[in-house]
Amino acid sequence: MGYCYGLSNYGANFMGGFGWIMPLLFIGLIGLGIYFITKSNKNGKNYNALDTLNHEYAKGNISREEYLERKNDLL
């Protein structure tokens with residue numbers, strides 16, 4: 001009985017009653033991480049494909065009509 005007496009008050013006084021902020025910040029950081037990962041994957045794929053298409057057109061490997069058709073497909 002005497003062993004747990006000090007632990008019952010520890011949670012209420014942890015960080016002066018603001019102990020709920022740490023889990024909230026942790027969940028927020030996880031959410032931001034997921035947001036930035038999914039955002040970078042969506043934009044990265046379209047940008048890389050369009051960049052590759054622009055290089056192919058600049059080199060002269062594809063015609064103007066084929067370039068415009070592929071660009072419309074990507075956008």
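Residues take their numbers from the sequence shown, with the count starting at 1.
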The criterion is side chain to side chain contact (heavy atoms under 4.5 Å, CB included); which residues satisfy it with L24, sequence neighbours excluded?
W20

How many angstroms lie between OG1 in T52 and CD in E56, if you round to the nearest 0.5 Å?
7.5 Å

Between CG on residue L53 and NZ on residue K71, distance to nearest 0.5 Å:
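The distance works out to 8.5 Å.
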
State plainly whether one hydrophobic cluster holds both I21 and L29, where clusters connect Ile, Leu, Val, Met, Phe, Trp and Tyr through side-chain heavy atoms under 4.5 angstrom apart.
no

Which pair of non-hydrogen atoms, one from N54 and one from Y67, has the smallest distance, and what is that distance?
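Closest pair (atom of N54, atom of Y67, distance): OD1-OH, 2.7 Å.
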
Please report the shortest heavy-atom distance between I62 and R70, naming the atom on each side.
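I62 and R70 have their closest heavy atoms at CG2-NH1, 4.1 Å.
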
Could you tell me if the side chain of E66 sits less than 4.5 Å from the side chain of Y57, heavy atoms only?
no

